[in-house]
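Here the structure is laid out as structure tokens; the discussion comes afterwards.
Note: hydrogens, waters and symmetry copies are ignored here, and every other heavy atom, side chains too, is used. Proteins come first, then strands; the chains are lettered A, B, ... in the order of their sequence lines, and each starts at number 1.
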2 protein chains.
Amino acid sequence: METPSSTRDRLIETARELFRSQGYNATGLKQVLAKAEVNAGSLYYFFKSKEDLLLAVLDRYVELLRPAVLDPAFEQTADPIERVFAVLGVYREYLSKTGCTLGCPIGNLALEVDARLVVRERIALNFNNWCRGIRECLDAAGDRVPPDLDRQALSEFVLTVMEGGVMQARAHRSLEPFDRSVAMLRDYFNRLLAAGPPERSDADRAPPPPG
Amino acid sequence: METPSSTRDRLIETARELFRSQGYNATGLKQVLAKAEVNAGSLYYFFKSKEDLLLAVLDRYVELLRPAVLDPAFEQTADPIERVFAVLGVYREYLSKTGCTLGCPIGNLALEVDARLVVRERIALNFNNWCRGIRECLDAAGDRVPPDLDRQALSEFVLTVMEGGVMQARAHRSLEPFDRSVAMLRDYFNRLLAAGPPERSDADRAPPPPG
DNA sequence: GTCTATATATTGATAGAC
DNA sequence: GTCTATCAATATATAGAC
């Protein structure tokens with residue numbers, strides 16, 4: 001067990017940023033090394049290959065899901081259903097802040113580095129954890145969600161809409177396709193869920209959801 | 001205006017296949033040349049750069065939309081709404097035939113070669129034409145589609161579900177995430193559309209969601 | 001239009017001193 | 001753990017004969 005190395009972290013963070021903005025294959029290790037101010041020898045001390053570095057980046061995304069995606073979304077509202085759409089709002093922010101150039105980094109990698117088994121498993125893990133976060137919201141919504149509704153399928157559907165919406169937003173360099181798709185999902189939720197208001201407990205005293 | 005060159009076509013088709021299965025950046029021109037049995041000099045006689053070849057590939061996809069996607073789907077059924085799902089069935093076939101390794105080639109490129117303006121425009125054109133094909137179905141459905149419903153948004157939503165479903169199917173190497181997302185979309189359509197006579201077809205392979 | 005040969009840069013990765 | 005030097009392979013692209 002090595003003591004945490006700031007050099008290793010710098011490599012992962014730099015690679016994460018470059019893979020996200022340029023893609024995996026379009027990013028050379030030379031560029032990673034220059035930006036991280038690390039020598040080639042050090043990189044291969046920590047990672048046995050470029051793919052190994054990618055695996056570390058994907059592990060980092062697993063770690064970041066809660067603090068960087070779910071927590072910021074969940075603190076916006078206590079209503080479980082609104083939380084689902086707050087998660088989608090996080091990705092809207094990504095798009096908005098970057099002029100619709102950056103979307104979901106996992107989605108990029110999912111379509112680009114399809115080949116190797118280990119990598120794909122790590123991508124699937126990221127998707128699974130993301131869906132689990134959504135499913136927790138659906139479970140927390142209690143009887144507002146029809147008991148016979150497939151929560152797993154619905155949480156995957158939320159991911160589907162996010163990824164598909166992000167893709168079109170980037171292709172058109174416009175938030176509108178994303179917003180329209182999310183609005184459709186919202187409409188579906190409205191038709192799907194019991195119209196009753198959420199049960200409010202004393203611990204559940206958050207500002208009401210917008211809209 | 002040059003007379004149609006089989007060499008040029010061979011380059012485009014070979015690049016199309018390799019870009020689709022390996023990605024744009026992961027495919028070297030050397031590999032394209034070897035597979036197409038063409039010399040480098042010939043490639044640069046027809047195309048001024050690798051990106052120029054990509055543009056030709058994207059133009060080819062524009063040409064292929066009707067004959068390779070819409071027509072085969074539309075000939076499966078005359079019902080306009082069933083045709084929408086038949087289009088999704090075409091992509092399910094792509095996934096199924098390739099063990100969930102190949103999905104939508106435009107989606108791959110949309111997330112990978114995000115950079116250059118001309119390329120992005122060509123990708124957006126492919127998406128627009130695809131959505132137009134869906135919108136024609138919605139229009140053909142007449143008063144089964146509520147008149148105040150945004151058909152543009154709904155056609156984009158169908159693309160969203162296709163791309164998001166394909167992405168998860170490839171990540172998990174399983175048709176199930178795709179099927180579940182399409183089933184959700186079907187359920188949404190059922191709730192959305194006037195309860196007309198949508199004859200069920202064999203195109204529906206996945207079990208319908210509860211509700 | 002096709003061919004060979006080549007230019008230049010960068011790729012991922014390694015060796016071995018410190 | 002870090003450094004420099006370097007490997008062999010490949011990248012995209014070009015020149016010029018045929």
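- Taking atom NZ on A/K50 and atom C1' on C/dT14, their separation rounds to 17 Å, with Å as the unit.
- With distances taken from any side-chain atom of B/A40 to the nucleotides D/dG1, C/dT14, C/dA5, the minimum falls on C/dA5.
- Atom pair B/L11:CG and C/dT2:C1' shows a separation of 12 Å (rounding to whole Å applied).
- Rounded to an integer number of Å, the gap from CG of A/N39 to C1' of C/dA15 is 15 Å.
- If you take CG of A/L29 and P of C/dT10, they are 14 Å apart, rounded to a whole angstrom.
- Regarding contacts with the backbone of D/dT12, every side-chain N or O of B/S49 stays at 4.0 angstrom or more from both OP1 and OP2.
- Note that CG of B/N126 is 9.0 Å distant from CG of B/L109, once rounded to the nearest 0.5 Å.
- Distance, A/Q31 CD to C/dG12 P: 10 Å, rounded to whole Å.
- Atom pair A/F47:CZ and D/dG1:C1' shows a separation of 14 Å (rounding to whole Å applied).
- Between the OH atom of A/Y44 and the C1' atom of C/dA17 there is a distance of 20 Å, given to the nearest Å.
- Applying the 4.0 Å criterion to OP1 and OP2 of D/dT10, one finds that B/K30 has a side-chain N or O inside that range.
- Using the six-membered ring where Trp is involved, B/H172 and A/F127 have ring planes that are tilted, between 30° and 60° apart.
- Put simply, NZ on B/K48 is 20 Å from C1' on C/dG1, counting in whole angstrom units.
- Residue A/Y24 is the one, among A/Y24 and A/G41, whose nearest nucleotide of DNA chain C lies closer to the 5' end (criterion: closest heavy atom).
- Seen from the ring of B/Y44, B/K50 does not count as a face-on cation partner, given the 6.0 Å and 45° thresholds.
- Both tests hold for B/R16 against B/Y61: distance to the six-membered ring centre under 6.0 Å, angle to the ring axis within 45°.
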